Amino acid sequence: MADPSSPDVVSDLPEHRYDAAVAQRIEGEWQDRWEAEGTFHTPNPVGPLSEGFDAVADRPKQYVLDMFPYPSGVGLHVGHPLGFIGTDVYARYLRMTGHNVIHTMGYDAFGLPAEQYALQTNTHPRVTTEANIANMRRQLRRLGLGHDPRRSISTTDPAYYRWTQWIFLQIFGSWYDADAQRARPVTELEAELDAGTRAPAPGTNPSGTPWPELDPSGRRAVLNAHRLAYLAEVPVNWCPGLGTVLSNEEVTADGRSERGNFPVYRRPMKQWMLRITAYADRLIDDLDHLDWTDAIKAQQRNWIGRSTGARVSFATPAGALDVFTTRPDTLFGATYMVVAPEHPMVPALTAASWPDGTPASWTAGAAAPGAAVSTYVTTASRRSDLDRQTDTKEKTGVFTGTYATNPANGEAVPVFVADYVLMGYGTGAIMAVPAHDHRDFEFARSFDLPIVEVIRPSAAWLSDHGAVEGAPASTWPDAYVGDGVAVNSANAEVSLDGLAVADAKATITAWLEAEGLGEGTVQFKLRDWLFSRQRYWGEPFPIVFGDDGEPRALPESALPLVLPPMEDFSPKTSDDESSEPEPPLGRVTEWTTATIDLGDGEGPQEYRRETNTMPNWAGSCWYELRYLDPTNTATFVDPENERYWMGPREPGDVGGVDLYVGGVEHAVLHLLYARFWHKVLFDLGHVSSREPFRRLFNQGMIQAYAYRDERGFPVEAADVVKDGDRYLLAGTEVTRELGKMGKSLKNAVAPDEMCERYGADTLRLYEMFGGPLDQSRPWDTTAVVGMYRLLQRIWRLFVDEDDGTPRTSFDEPSEDTTRALHRTIDAVRDGMETLRFNTSIARITELTNHLTAAYPDGGVPKDIAEPLVLLLAPLAPHIAEELWARLGHESSLTYQDFPVAQEDLLVEDAVEIPVQVNGKVRSRIIVPVAADAAAIETAARDDEKVAALLADATVRKVIAVPGKMVNFVVG
RNA sequence: GCCCGGGUGGCGGAAUGGCAGACGCGGAGGACUCAAAAUCCUCUGUCCGAAAGGGCGUGCGGGUUCGAGUCCCGCCCCGGGCACCA
């Protein structure tokens, strides 16, 4: 393709044609002017940014937000700004429809990617991060995005992370009051403990010493164990390849790090945890109030994984063995039990010798249970999580030699150790009901255990599975997990027989509770959030440790706790699973200890600093709040500003950002964490909104063709040429595939390149025209020219290409053209409201084509030209501003009223409608729009073609829909 | 296995249950030009036909309806998420 911006091609083109050079000149000029005039400055109700608020106070507000980017070293490719352009078009439309719109952009610059880039380039991350942000700002500015530049933040700025640390201290300073269903300050807990109105929560006071008798250190330990941010020795995801631990959300399904794809190992370590599990119910329940896609809601629900069931206690010689089950109704069918290899009761459950009659297959060939169990447990511990998850075909396990008692029917049931039961979920032990659980069925088959039917399968299931009605469950080909009526489920006190599953669950749970054998419970898959990282480039924790080893909060006056400069900030990575994490900050010896007065009455003391840093997610958990009040030094956001921009609209409303646009990849990471932080801030009274993001929209991904040579290596996509059906690189055929745009597939296209070849407005239109914003689509550089041509045609309607003089007129537009304009206005608005900008662009194209045909020699009336420019403005703002100025307007069109369609002009006098015979279109007739059913039927019968078709047929029925169609049913 | 999306021309995509394929790319032809580029105009789902016209067409099979891309039932395929979660 020819490069229209190259001089030898341009030479004999009309001087004033809209080409890349003209576009870039216009774009630069308008970007400068917007900046100089502060066009996109948005006033706040109060505080430093409140100037000008009175003028817009009566307008409705809108908060339009993008997921802010990582400032990566390679800069943006054209896939990145898809969502940014979408929100910009929408925000510009909202400004033109009378809204006070807040829209800005920040940078999520802490964390692994930034640190890894710094390591690669052997430069301090502060330096690379700032350079990358500057480059990205330049790239985004070039796209003409209407951001309020005063509100931009970077998470790495001490003025920003000062408040990240402050929020952490709020979390550290809180505990979850399960009765009140909300977080409360720990000071209130302490007061209640002192007053004796509350006892320490279970598990928070291991010594068992009553609160009044505890020494200060013991009391501190009890309080610390209640906090929403706490240190705990728990199995964590240790990633030696990155030299840090990771959260569950950062580990992929196959047990590797999401960043870098390094192996991850489960190991107990003492780390910071955030008690997100306290919010599990609310995080699920409040999804109902959010305008998010079902897909994202489903992913969050799935990740939180709420299961309702019962805890049931089985008596064993080693004491009570508790299990969690979602099917307490099948308790009578529990014919054996399984504990996870890591279960703490395994040693106690292991008998001294095999009971008489133990089948050989249960013993793994060992002479005694002790040998069999220890061999099995050792083997299981060596198997990686990956093995245990993928190897689901063959169930393994050994008998412990111990029998438990089924509390429902008093039967002795053998207890097995098997790795298909996971220590990390429920109690790490299960009651096995082989007749009604696929896994238990499989295990029972392997070990020849009894399979007892306690739910009667449906007849359909029996016949589908070739099972005979009334035959024993042991002859079934598989477990029956469906609904049905309970059978074989009665003892002297309770009978489930005849009850449906739901009723049986309720009945047996009530009985278990009455007998003290169990209780109804809710179980979650969600674990607490592992919050510390052994990396340099993150927020330092505002925490110090005293001699007792218990953490203490730094006073607010010590914030920000600035990240100390380091020459060598590299993490200690390893490929050794047994290596120990070593936070880089631990090497800054002059920083790790400090004498501080914590304001707790102890006076200045020497303390040891926490040397871990926060994960990169910390900064993104609250940035939407900081945009509201970015320069406030007294608080993280003034409550009045928060209430104005994000507060509930009516009682019961959850509040939040009006539109949040970003990629689907954050479904369970950022979006879950940010909701959690927001809810803590809500509980503590710092924000009025219960949820951060009222409406979420996931933009699609721009994919790109990638090409590989015969060895399978990607080749520079830009150098490949098409030859018929083949793709050639320097004459050699290469294969084509569609993939993610990026460096690794050598198929990235930079927005700068598109701006140079066509201008930013063309790029914006092309990105918006490809399809609905939520759809992924391939990038096709050759198709960009379509939008370029559109802008050239529009330009030509206004500007003489040869001498640059205006071409519009003051003529009265024809009725035809006026109607076309109003139909366009109506359709463009619809596309804007529904974020289907592709249809808006199509309608603008149609109007342009109409005007080109109607006014071939120029002279488009101003009454048409002006609305056309305004319709185009949100999509292609630079050319629209330029044409608006050339039409004689002095100020920016940013706050001009968006055109409104006149209803009466949308209705045509006459319409062409199809006439069908038996549902097939046979003719078309033109009828007055107001014609009733009888009139259009008559008109249809008068049509020649229709009359011929009806001539020798019997009309059985006529459907005539005024303004739509006529259908004759003949037969 | 379970849970979400999604299947419409060569491609991206349009269509409140009422004219399938708007708009754009690509392709074919033409105008302008010494020539080309750029620009503009015409055509472009598919099959039969010289044409007029007609048949067939929204992943597959049924159904509801005067009428289905759209609603219902059962499948197939593609993409994403979760996955021995009791």
Side-chain angles (χ1 to χ4, degrees), chain A residues 1-2 4 8-14 17 19 253 293-299 301-303 305 307 309 323-327 330 338 388-393 395 418-422 424-433 437-440 442-443 523-525 664-665 667-668 698 722 725 765-766 769-772 774-787 789-790 792-793 796 801 827 836 838-846 848-849 852-853 856 912-921 923-924 945 956-961 963-970:
Chain A
M1 119 153 316
D8 55 321
V9 175
V10 164
S11 58
D12 61 345
L13 284 179
R17 169 164 294 178
D19 61 15
T293 62
D294 289 338
I296 296 281
K297 287 188 186 184
Q299 276 190 56
R301 284 197 191 96
N302 201 335
W303 188 262
S307 298
V323 302
F324 171 75
T325 177
T326 56
R327 293 296 302 275
T330 62
V338 183
R388 280 177 68 166
Q389 278 168 17
T390 51
D391 184 16
T392 60
K393 292 170 204 103
K395 295 264 183 296
D419 66 3
Y420 83 91
V421 171
L422 309 173
Y425 184 76
T427 64
I430 63 156
M431 66 177 214
V433 185
D437 181 280
H438 295 299
R439 296 151 302 183
D440 298 345
E442 210 180 307
F443 190 85
Q523 188 68 42
F524 296 94
K525 276 198 266 182
V664 71
E665 67 274 13
V668 291
N698 295 113
K722 194 177 173 190
D725 304 339
L765 281 179
Y766 175 71
F769 186 63
D774 55 352
Q775 209 146 76
S776 293
R777 71 295 287 268
W779 176 266
D780 181 5
T781 297
T782 63
V784 176
V785 72
M787 293 297 105
R789 287 179 191 147
L790 170 64
Q792 285 185 327
R793 285 204 298 278
R796 200 152 40 227
E801 290 192 329
R836 283 151 62 234
N838 54 325
T839 61
S840 294
I841 296 169
R843 296 290 90 83
I844 290 173
T845 308
E846 278 180 325
T848 304
N849 292 346
T852 320
E912 189 187 69
I913 62 168
V915 181
Q916 304 175 349
V917 177
N918 284 347
K920 287 192 190 293
V921 179
S923 185
R924 298 188 168 95
K945 287 183 209 159
R956 294 186 185 280
K957 193 171 176 183
V958 182
I959 294 97
V961 183
K964 293 283 187 194
M965 46 72 70
V966 183
N967 186 13
F968 293 98
V969 185
V970 303

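Everything numeric here is computed off the predicted structure, so don't read it as measured data. Here is how names work: the chains are called A, B, and so on, in the same order as the sequence lines, proteins then strands, and each is numbered from 1.
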The test is side chain to side chain contact (heavy atoms under 4.5 Å, CB included); show your working for A:Ile959 and A:Val966 and say whether it passes. CA-CA 6 Å; A:Ile959 294 97; A:Val966 183; over 6 Å; no
For Watson-Crick and G-U wobble pairs within 3.5 Å on both distances, what is RNA chain B written in dot-bracket notation, | included for inter-strand pairing? (((((((..(((.....[....)))((((((.......))))))((((....))))..(((((..]....))))))))))))....
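- Taking every side-chain heavy atom of A:Arg793 into account, B:rC40 is the closest of B:rC4, B:rC40, B:rC25.
- As rounded to whole Å, 15 Å separates atom C1' of B:rG24 from atom CD of A:Gln792.
- One C1' atom belongs to B:rG12, the other to B:rC76, and the distance between them is 25 Å to the nearest Å.
- Residue order along RNA chain B, read from the 5' end via each residue's closest nucleotide, puts A:Val921 first among A:Val784 and A:Val921.
- Nucleotide B:rA38 holds its P atom 10 Å from the CZ atom of A:Arg17, rounded to whole Å.
- For the C1' atoms, the distance from B:rU70 to B:rG79 is 22 Å, rounded to whole Å.
- Legend: residues meeting ring-ring contact (aromatic ring centres under 6.0 Å, His included) with A:Phe443, ordered by chain and number and at least two apart, are A:Tyr336, A:Phe416, A:Tyr420, A:Phe447.
- Atoms OH (A:Tyr766) and P (B:rG26) sit 11 Å apart, rounded to a whole Å.
- What you find for A:Pro778 and A:Tyr766 is that their closest heavy atoms are O-OH, 4.0 Å.
- Regarding A:Met965, its CE atom lies at a distance of 12 Å from the C1' atom of B:rU65, rounded to whole Å.
- Base engagement by A:Ala842 is indicated by at least one non-hydrogen atom pair under 4.0 Å involving a base atom.
- Under a 3.5 Å cut-off, the side chain of A:Arg793 and the backbone N or O of A:Thr852 do not form any donor-acceptor pair.
- The heavy-atom pair separating A:Pro772 from A:Arg777 by the smallest distance is O-NH2, 2.9 Å.
- Under the ring-ring contact (aromatic ring centres under 6.0 Å, His included) criterion, A:Phe324 pairs with no residue at all, not counting sequence neighbours.
- Qualifying side chain to side chain contact (heavy atoms under 4.5 Å, CB included) partners for A:Ala298, counting only residues two or more places apart in sequence or in other chains: none.
- Residue-to-nucleotide contacts include a donor-acceptor pair under 3.5 Å from the side chain of A:Lys395 to the base of B:rC84.
- Looking at residues two or more places apart in sequence or on another chain, you find a side chain to side chain contact (heavy atoms under 4.5 Å, CB included) between A:Ala667 and A:Ile296, A:Gln299.
- Spacing of P atoms, B:rC66 relative to B:rU42, comes out at 42 Å, to the nearest Å.
- The listed nucleotides are B:rC66, B:rA86, B:rC23; the one nearest the side chain of A:Val969 is B:rC66.
- Across B:rC11 and B:rU33, the matching C1' atoms stand 32 Å from one another, rounded to whole Å.
- Counting any heavy atom pair closer than 4.0 Å across all strands shown, A:Lys525 reaches a base atom.
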Walk along nucleotides 6-16 of chain B from 5' to 3' and tag each nucleotide B, S or - by protein heavy-atom contact under 4.0 Å, base first, then sugar-phosphate. ------BSSSB
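- Put simply, A:Arg789 has no side-chain N or O that comes within less than 4.0 Å of OP1 or OP2 on B:rG24.
- With distances taken from any side-chain atom of A:Ala298 to the nucleotides B:rC3, B:rC23, B:rC66, the minimum falls on B:rC3.
- Taking only side-chain atoms of A:Ala783, from C-beta outward, the nucleotide of B:rC66, B:rC23, B:rC25 with the closest atom is B:rC25.
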Mark up nucleotides 28-34 of chain B, 5' to 3', with B wherever a protein heavy atom is under 4.0 angstrom from a base atom, S wherever such an atom reaches only the sugar-phosphate, and - elsewhere. -------
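- Residues forming a side-chain hydrogen bond (donor to acceptor under 3.5 Å, both in side chains) with A:Lys525 (at least two apart in sequence, or on another chain): A:Asn302.
- B:rC84 atom C1' lies 9 Å from atom CD1 of A:Ile430, rounded to whole Å.
- Not a single side-chain hydrogen bond (donor to acceptor under 3.5 Å, both in side chains) links A:Asn698 to another residue, sequence neighbours left out.
- B:rG13 sits 22 Å from B:rG18 when the C1' atoms are compared, rounded to a whole Å.
- By the side chain to side chain contact (heavy atoms under 4.5 Å, CB included) test, A:Lys945 is found to be paired with A:Ser923, A:Asp943, residues two or more places apart in sequence or in another chain being considered.
- At the heavy-atom level, A:Glu912 lies under 4.0 Å from base atoms of the strands shown.
- Closest approach of A:Met431 to A:Thr325, counting heavy atoms only: CE-OG1, 3.9 Å.
- Within 3.5 Å, a donor on the side chain of A:Asn967 pairs with an acceptor on the base of B:rC66, or the reverse.
- Between A:Thr326 and A:Ile841, the residue whose closest nucleotide on RNA chain B is further toward the 5' end is A:Ile841.
- Rounded to whole Å, atom P of B:rU39 lies 13 Å from atom CG of A:Leu790.
- Rounded to a whole angstrom, the distance from the C1' atom of B:rU8 to that of B:rC32 is 38 Å.
- Side chains of A:Ile430 and A:Asp440 form a contact here, defined as non-hydrogen atoms less than 4.5 Å apart.
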Polar atoms only, N or O, under 3.5 Å: list the protein pairs with nucleotides 54-56 of chain B and their distances.
residue, atom, partner, partner atom, Å
B:rG55, OP1, A:Arg922, NH1, 3.3
B:rG55, OP1, A:Arg922, NH2, 3.4

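- Between B:rG9 and B:rG21, the distance separating the two C1' atoms is 7 Å to the nearest Å.
- An OP1 or OP2 oxygen of B:rC4 is reached within less than 4.0 angstrom by no side-chain nitrogen or oxygen of A:Thr293.
- A:Arg956 comes within contact range of no nucleotide atom at all, as no heavy-atom separation falls under 4.0 Å.
- Taking the side-chain hydrogen bond (donor to acceptor under 3.5 Å, both in side chains) definition, one finds that A:Asp437 meets it with A:Arg439, sequence neighbours left out.
- In this structure the side chain of A:Val664 never reaches within 4.5 angstrom of the side chain of A:Thr293, judged on heavy atoms.
- Contacts of A:Gln916 with the nucleic acid, taken as non-hydrogen atoms under 4.0 Å apart, include base atoms.
- For the pair A:Phe968 CZ and B:rG67 P, the interatomic distance rounds to 16 Å; values are reported in whole Å.
- Nearest nucleotide to the side chain of A:Thr782, out of B:rC19, B:rC66, B:rC25: B:rC25.
- Residue contacts for A:Asn849: at a heavy-atom cut-off of 4.0 Å it reaches the sugar-phosphate backbone alone, with no base atom in range.
- The separation of B:rC72 from B:rU65, taken at their P atoms, amounts to 16 Å, rounded to a whole angstrom.
- In this structure B:rG9 sits in the syn conformation; its chi angle is within 90° of 0.
- A straight line from CG of A:Asn302 to C1' of B:rG1 spans 13 Å, rounded to a whole angstrom.
- Here the side chains of A:Asn967 and A:Val958 are not in contact, with every heavy-atom distance at 4.5 Å or above.
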